[in-house]
**Student:** 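Okay, here's the structure, questions in a sec.
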Amino acid sequence: MTAPLSPLVALSRRALIVSLAAGALLPFGAQAAPSTLAIVNAQIFDGVGAAPYKGALVIQDGRIAEIGPNVRPPKGAQVIDAKGEALLPGFFDVHTHWTPAGAPAITPKIADAYVATGVTTVNDFHQQPESFAPRRQWLSTLTAPHVNFVARISTPGGHGADWADEATTRWVDTPESARAAVEGLAPYKPDAVKAFTDGWRYGSAPDNTSMDGWTLKALTEAAHKQNLKVLSHTVTSDRGGVAADSGVDIIAHSLQDRPVDAETVAKLKANGTFYAPTLAVYEPVKPGQKPPADPDSPRAKQAARKFGYALANVKTLKDAGVPIALGTDAGMPGTVHGASTLREMELLVQAGLTPSEALIAGTATSARAMNLLADRGTLEKGKRADLVLIAGTPWTRIEDVRKVDRVFIDGKLVFGQGAVRSPANDKPTLPALKATALIDDFQGAYGRTSLDTLRLNDFDGGRDRSLEVSQVLDKGDGDLVLSVAAKMAIKAEPDAGVLLPLSRGSVQPVDATAFKGVSFDIRGDGGPYVVTINTVSGPWTAKVTGQPTWAKVTVPFSAFARAGRGEGAWTGADLLEVGVGGSRPAGRKLWFELDDVTFY
C-alpha cells in the first residue's frame, strides 16, 4: 500500500471543503465508484464533540464522502457491517522516535506496530534531515502511518545534542544562529521543528545548557515564517513560561518539577500553546515491567514524585483551557511503538480527563496542534479517511481503545480481516544498491562525498564531548584531502573521526560483495586508528596506523571484526557507512588526513 506522507504545507496546496454530514442521505440508487466503501451500523465517535450515534460512513477515493445517521451505501459499494463496533478517527502521536530502543527495531515493524494500534499519523523526532527524502520514499512503499519528520535544534552540549553531530541536531546559542539553523533546514522540507529548551536528563544532572528566551523566540519566529510548528522539549514549570513567551506551539513533554503555577498557566493559555505530556514515557513502572527492587531508593522516589506532578499538571492545564494533545516519546526505553499511544490515553484519563476528552486529545486536538485539522482528526465529510474500528465503547471505558479490530488509512483497509499489507513490510530495508568503487576523493561539493552524501563528524556522546574540526585542505598540488583534528574530552575512551555515508541519509543499504575490502591514503599522528563499517546489522571494525608521511592502506573485509553490537556473520550486502577515527587519552589531541577512500 502507498501511504502518502503529510507535510504541513500540503494544506496550502489545495482547498479542502469540509462540512458536517449528519443527517445527509445519499440517493439510494446512486452508482458507486470502484473505490467506494461503506461502513454501516457503527457507533460513530466523530471527534467534533457530539455524542456517539449509530450511523454509516462512505469513503470515496480515500476521503469521507458522506457520514451521518441516515446515510445509506451507494449501489455497488463494498459494505462493512460494523454492528457492535465503534468508529473513530485514526489516532495521532505527536512525539515519537523511530528507533530500535522502542522495539520492534526495524522501520517496517515499527510501521506495523502503529498501524495495528490504529495510529495513523505520527511525528518522528529522531532522524537527520539528510534522511528525510529517502525515508519518505521508503515509507511510500510500506503499509504505514503518515509520518511528519521533525528537525531538531538544541544548544551546544545540550540535551538532544548529546549524540551524533550537527547533521542530526543543529546547535544554536544566539538568535542569529537560530535563524540560520531554520534557514539551513528549509531545503530538507521538515514538517515541524523540535527545540530542546531545558531538561538535561530531567534533573539528574545540572542544566547548564538551556536555550535562552531570545534564541528560542528567534527560532519560533523563523519557523513560523515557513509555516512550521515548533515543539519544545520542556520539562520544568519555569521553562514552560519561557516557551510560551517565545511562541512555542506545543510543549512535547510534562512540566514535572513541581505543581505548575498560575503565571505559567496563564502564559500557556495566552499563547495558545498545546500540551502533549508524554505520560507514557514517565510512568515509573510501565506495562509489563517489574516494580523497582527498592521502591524507597532515591531514584524510585524521584520518578514517582515527578510522575505525580506530571499527572496533576495535566489536570490543572486542562481545567484552565490549555488544549491537551497526545504524544508518548515512543522509541525511548520501555516506551514501545503503537501500544504506548493507547496507554497514553489511559494515563490521560488517570490524570483527570474523561474518556471522551482523552480520545479527542488523541485525534482532533492533536490534528489541530499540527495544523492538520482541515485534513484529518475528525470524521467529517471531505476529510482524509483515516479510521479505526474498535470492538467496544472507549468513550465510556477507555481501556476499550485497545480492542482495535480494523484500521483504514486513506480509505484503505490496512489492518484487520481482509486487510492488504505491502510486501515491503516484510523486508527490513530498502533493496540494496550496488556499491561503486569510489567512496570519497574529497574533490566534490562542500561537505559532501563523491557519492553526494553528507559527510558526518563522528565523536563521543554525552554532555562533555571531544572537540572536532574536519575540513577539506589542498595538499599543495591541487589534490584535496580531508583533515580531521580533535581534542579529546575528559572522559574514559573519548574518540573522534569521520563517517562517509554510502547512500543519502544512510537509509538505503549498499551491496559491496563485488569488492574485497576498503582502501585509502592516510597520514597522521601515528595512530592507532579504527576503520568502521556500519551495516544494517551493526558495526564492524579494524585497526590501522598512520604515520606523518602519506601511505596507502588496504583493509580486506576479512580483517573486520564484529564491534560488540548486532548479530550475524559478515555478508557485505548491507553496508551503510565507512568511517575512520580514533581515540587518545583524555585531554590529548588526535589528527589525521585522509584521501581516496575506495572499495577495492
Side-chain angles (χ1 to χ4, degrees), residues 1 3 16-91 115-121 143 145 355-356 359-360 362-364 367 375-397 400-421:
M1 185 209 82
L16 292 174
I17 301 174
V18 180
S19 62
L20 283 172
L25 182 66
L26 280 174
F28 185 75
Q31 290 293 319
S35 60
T36 301
L37 172 70
I39 301 173
V40 302
N41 295 322
Q43 288 294 318
I44 296 175
F45 183 94
D46 58 20
V48 299
Y53 63 89
K54 185 177 180 179
L57 178 147
V58 176
I59 301 168
Q60 289 181 337
D61 299 322
R63 293 196 171 267
I64 300 172
E66 297 292 345
I67 181 173
N70 300 315
V71 168
R72 301 176 188 173
K75 183 178 180 181
Q78 178 186 351
V79 178
I80 293 177
D81 189 347
K83 184 177 181 180
E85 295 191 312
L87 180 62
L88 296 90
F91 303 133
V115 170
T117 49
V119 182
T120 58
T121 301
T143 299
S356 291
L359 293 170
I360 290 175
T363 54
D375 183 63
R376 72 195 78 158
T378 60
L379 302 183
E380 297 179 84
K381 183 176 179 179
K383 290 195 175 183
R384 189 181 298 271
D386 293 348
L387 321 168
V388 186
L389 277 170
I390 290 176
T393 55
W395 50 86
T396 58
R397 174 183 155 84
D400 282 359
V401 79
R402 295 180 178 273
K403 299 177 181 178
V404 174
D405 181 41
R406 279 168 283 191
V407 179
F408 303 80
I409 297 178
D410 291 325
K412 296 181 177 66
L413 180 61
V414 295
F415 175 79
Q417 184 178 0
V420 176
R421 179 173 170 273

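As a basis for the values below, the full set of heavy atoms in this structure was taken, side chains included, without hydrogen atoms, waters or symmetry mates.
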**Student:** What's the spacing between Q78 CD and I39 CD1 if we round to 0.5 Å?
**Tutor:** 9.5 Å

**Student:** For A116 and V404, work out which heavy atoms get closest and say how close.
**Tutor:** O-CG1, 3.6 Å

**Student:** Kindly indicate whether the side chain of T120, heavy atoms from C-beta on, has any atom under 4.5 Å from the side chain of F91.
**Tutor:** no

**Student:** Which residues satisfy the ring pair (Phe, Tyr, Trp, His ring centres under 6.0 Å) test with F45, sequence neighbours excluded?
**Tutor:** W395

**Student:** Is there a side-chain contact between V115 and P145 (heavy atoms, below 4.5 Å)?
**Tutor:** yes

**Student:** Kindly indicate whether the side chain of I80, heavy atoms from C-beta on, has any atom under 4.5 Å from the side chain of F408.
**Tutor:** yes

**Student:** Once rounded to the nearest 0.5 Å, what's the spacing between atom CD1 of I390 and atom CG of L88?
**Tutor:** 5.0 Å

**Student:** Using a 4.5 Å cut-off on heavy atoms from C-beta on, say whether the side chain of D46 contacts that of T378.
**Tutor:** no

**Student:** If you measure from NZ on K412 to CG on L37, what distance do you get to the nearest 0.5 Å?
**Tutor:** 11.5 Å

**Student:** Are any non-hydrogen side-chain atoms of F415 and T117 less than 4.5 angstrom apart?
**Tutor:** no

**Student:** Passes side chain to side chain contact (heavy atoms under 4.5 Å, CB included), I59 versus L387? Steps please.
**Tutor:** CA-CA 10 Å; I59 301 168; L387 321 168; 3.5 Å; yes

**Student:** With sequence neighbours excluded, tell me which residues meet salt bridge (charged side-chain N to carboxylate O under 4.0 Å, His left out) with D81.
**Tutor:** none

**Student:** Once rounded to the nearest 0.5 Å, what's the spacing between atom OG1 of T143 and atom CD1 of I409?
**Tutor:** 8.0 Å

**Student:** Looking only at atom types and distance, does a side-chain atom of D386 sit under 3.5 Å from a main-chain N or O of D410, one as donor and one as acceptor?
**Tutor:** yes

**Student:** Can you tell me how far CD of E66 sits from CD of Q60, rounded to the nearest 0.5 angstrom?
**Tutor:** 8.0 Å

**Student:** Could you measure the distance from the OG1 atom of T36 to the CG atom of D61? Nearest 0.5 Å is fine.
**Tutor:** 7.0 Å

**Student:** Compare all side-chain heavy atoms of P52 with those of T393 and state whether any distance is below 4.5 angstrom.
**Tutor:** no

**Student:** Would N41 and K54 count as a side chain to side chain contact (heavy atoms under 4.5 Å, CB included) here? Give the steps.
**Tutor:** CA-CA 6 Å; N41 295 322; K54 185 177 180 179; 3.6 Å; yes

**Student:** Heavy atoms only: give me the nearest I67-K381 pair and the separation to one decimal.
**Tutor:** CG2-N, 4.1 Å

**Student:** Could you give me the CA-CA distance, side-chain angles and deciding distance for R63 and D375, then say whether side chain to side chain contact (heavy atoms under 4.5 Å, CB included) is met?
**Tutor:** CA-CA 9 Å; R63 293 196 171 267; D375 183 63; 2.8 Å; yes

